[in-house]
Amino acid sequence: MKKKNTSYHIIGAGVAGLSCAYFLKLKDPSCKTIVYEAAGHPGGRCYSFDDKELQTRLDNATHVILGANKYAARLLFPHKWHNNCYFWNVQKDTIETDFRQFKPEIFKAMCNTAADEASKKIKNKIFWKLFPWGTKQRRIYFSQNDLSQRLINPLAVYADELHTDCKLLKLETQFGQIAQLNFNNRQVEINAGDKIILALDAVNTSRFLETPQFEFNGIINIFYHTSQPLSLPKGTSFLGIAEGLCDWIFVHGNITAVTISDVANHNEKLEDLARNIWKQLDTLRNVNSAFVPPFRVIHHKHATIKQDETNNAKRPQNAQTQYPNLFIAGDWTMKDYPCSIEAAILSGKRAAQAALKKR
Ligand SMILES: Cc1cc2nc3c(=O)[nH]c(=O)nc-3n(C[C@H](O)[C@H](O)[C@H](O)COP(=O)(O)OP(=O)(O)OC[C@H]3O[C@@H](n4cnc5c(N)ncnc54)[C@H](O)[C@@H]3O)c2cc1C
């Protein structure tokens, strides 16, 4: 009799869940990967969409990939690396070419947590491994409204079945194992030998498993649709910003995107913030705009967990759970790593390895 191929039920079609499908297929091409996603599209915190108001395609957030993010770089196939990282010091009104003066700004961007609060272990990892100062590895790529096309859709190919609008409501257990998955629109029986990977964000994971409660930090992205590409000093297409209203500016064609990280409580009206930032960009460019171009503000309130010592210490050590047929993945599960695409991919790889081993 032909041996039944193992089915892997992956819940969550973010980068972690889709990467898990990719690594499972890489190791065991005959396995079956079934991905369930609550939203109407895959990608989680990483996707592109057509903005009807601005009449253009946007990423939900500009994502930066570093040369040293080897898995992210391999899967995303960046086509345009930048080797220089300049900073505009708003108070001094100078363009600084030595990025090493701006370690706090870089740590804040990578940890989404103020540098003096961020976990030492995460900062060490960034310093030595993820942003090796002074080597070519620190080159930068930023997403150009192509996250779905470059990363998410190519990964989704590794899901034999991808069910969107499919929200997990309950995990049913029997004899200490997960026996059934109850979704809003289906029930799935788990056969002996099959495995489940819960690849959710930290908040949703805690609805199903007794995981610690984390604090979160937000990120605000503002996209301005200009009639012509904005020109930045030194001909660069992105700039770090010190002591300004936002942290980074990225220009891609007629879209100028700005990012504000480490947003815990934001009281200013977002439209006012967008207008004030545009005025600050006027100062940078030495112009006086007659009007603010049309813009879209996206405020991700739970962008990542706060990456300080307390929250980093709560992150799990591995992908195992109390149920032998259930594993976890997600950027937040990679202790000592900054929550990022790279961490999400690594977590998917780790969960795939653990699930394959249990066979
Ligand atoms: C504004 C912003 C800017 C960022 N910038 C960068 C950057 O520059 N560089 C970088 O590397 N990283 C960046 N990140 C982080 C990066 O996006 C994340 O680390 C990564 O996308 C996390 O992937 P994930 O799969 O772990 O989680 P998620 O993307 O959160 O995926 C979890 C998935 O589970 C689904 N889900 C939840 N509950 C259920 C349920 N009950 N049933 C079924 N499905 C469910 C969700 O809909 C989601 O699709 C940024 C994030 C944000 C928000």
Side-chain angles (χ1 to χ4, degrees), residues 9-21 35-47 58-66 68-69 71-73 75-76 78 106 109-112 126 130-131 140-143 147 151-152 155-156 162-171 181-186 196-209 216-223 238 247-248 250 257-263 297-305 307 328-334 337-348 350-351:
H9 301 271
I10 302 171
I11 302 146
V15 175
L18 295 177
S19 309
C20 185
V35 181
Y36 308 88
E37 166 57 48
H41 58 85
R45 277 169 277 163
C46 246
Y47 65 96
L58 294 180
D59 286 332
N60 69 313
T62 310
H63 278 67
V64 172
I65 303 295
L66 306 173
N69 293 173
Y71 285 98
L75 294 175
L76 205 127
I106 291 170
M110 292 184 71
C111 300
N112 192 23
I126 293 171
L130 297 180
F131 197 80
I140 282 173
Y141 165 80
F142 65 88
S143 67
L147 272 175
L151 180 67
I152 302 305
L155 277 178
L162 171 59
H163 302 284
T164 51
D165 295 311
C166 194
K167 182 173 181 178
L168 181 71
L169 302 178
K170 199 161 183 238
L171 295 170
L181 308 174
N182 288 345
F183 294 93
N184 55 330
N185 50 13
R186 73 195 69 205
I196 306 120
I197 292 100
L198 207 54
L200 309 179
D201 53 278
V203 176
N204 280 300
T205 306
S206 68
R207 298 189 209 284
F208 303 104
L209 297 175
F216 289 83
N217 277 340
I219 299 180
I220 297 175
N221 277 108
I222 305 171
F223 299 89
F238 81 95
D247 300 321
W248 298 89
F250 304 92
V258 302
T259 299
I260 308 159
S261 323
D262 185 28
V263 182
V297 185
I298 305 182
H299 184 182
H300 295 264
K301 289 192 175 147
H302 285 119
T304 65
I305 60 167
Q307 291 158 73
I328 49 169
D331 61 352
W332 63 278
T333 64
M334 293 300 293
Y337 270 85
C339 290
S340 58
I341 292 181
E342 183 76 356
I345 297 173
L346 285 170
S347 77
R350 186 175 72 177

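If you're wondering where the values come from, they're calculated on a predicted model, not measured in any experiment. Atoms within each ligand, like the ligands themselves, are counted from 1 in listed order.
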Which atoms of ligand 1 are found less than 4.0 Å from any heavy atom of [X]?
{"X": "Gly330", "result": "26 (O)"}
{"X": "Ala61", "result": "1 (C), 2 (C), 3 (C)"}
{"X": "Asp201", "result": "30 (O), 32 (C), 37 (C)"}
{"X": "Ile11", "result": "42 (N), 43 (C)"}
{"X": "Ile219", "result": "1 (C), 2 (C), 3 (C)"}
{"X": "Ala303", "result": "53 (C)"}
{"X": "Asn221", "result": "1 (C)"}

Which residue holds the protein heavy atom closest to [atom], what is that atom called, and what is the gap in Å?
{"atom": "atom 37 (C) of ligand 1", "answer": "Asn204 ND2, 3.5 Å"}
{"atom": "atom 26 (O) of ligand 1", "answer": "Asp331 N, 2.8 Å"}
{"atom": "atom 11 (O) of ligand 1", "answer": "Ile341 N, 2.9 Å"}
{"atom": "atom 36 (N) of ligand 1", "answer": "Leu200 CD2, 3.5 Å"}

Within the structure, does [X] bring an N/O atom to less than 3.5 angstrom of an N/O atom in ligand 1?
{"X": "Glu37", "answer": "yes"}
{"X": "Lys167", "answer": "no"}
{"X": "Val64", "answer": "yes"}
{"X": "Ala16", "answer": "yes"}
{"X": "Leu168", "answer": "yes"}

- Query: To the nearest 0.5 Å, how far apart are CD1 in Ile222 and NE2 in His299?
  - Reply: 10.5 Å
- If you measure from CD1 on Ile65 to CG on Leu76, what distance do you get to the nearest 0.5 Å? 5.5 Å
Between [X] and [Y] (side chain of the first, backbone of the second, donor and acceptor by atom type, cut-off under 3.5 Å), is there such a pair?
{"X": "Thr333", "Y": "Ala329", "answer": "no"}
{"X": "Glu37", "Y": "Leu162", "answer": "no"}
{"X": "Asn185", "Y": "Asp165", "answer": "yes"}

- Task: Measure up the Phe216 and His302 rings against each other and bin them: parallel (under 30°), tilted (30 to 60°), perpendicular (over 60°).
- Result: perpendicular
- Do the non-hydrogen side-chain atoms of Leu66 and Ser340 ever get within less than 4.5 Å of each other? no
- Item | Considering all heavy atoms, the nearest His300-Ala61 contact | NE2-CB, 4.2 Å
- Message: For a quick test of reading the model, state the closest non-hydrogen atom pair linking Trp332 to Leu200 and the distance between them.
- Response: NE1-O, 2.9 Å
Option nearest [atom] (shortest heavy-atom distance, choices [options]):
{"atom": "atom 28 (P) of ligand 1", "options": "Arg45, His63, His41", "value": "Arg45"}
{"atom": "atom 43 (C) of ligand 1", "options": "Gly17, Ala38, Ser261, Gly14", "value": "Ala38"}
{"atom": "atom 32 (C) of ligand 1", "options": "Ala344, Gly12, Ala199, Ala13", "value": "Ala199"}

- Message: Using side chain to side chain contact (heavy atoms under 4.5 Å, CB included), reason through Leu171 and Leu181 one step at a time and then give a plain yes or no.
- Response: CA-CA 5 Å; Leu171 295 170; Leu181 308 174; 3.5 Å; yes
- Message: Applying side chain to side chain contact (heavy atoms under 4.5 Å, CB included) to Phe223 and Thr62, what does each step give before you reach the verdict?
- Response: CA-CA 9 Å; Phe223 299 89; Thr62 310; 3.8 Å; yes
- Message: Looking at ligand 1, would Cys166 count as a contact under a 4.0 Å heavy-atom criterion?
- Response: yes
- Item | Among Asp331, Asp59, Asp201, salt bridge (Lys or Arg N to Asp or Glu O under 4.0 Å) partner for Arg45 | Asp331
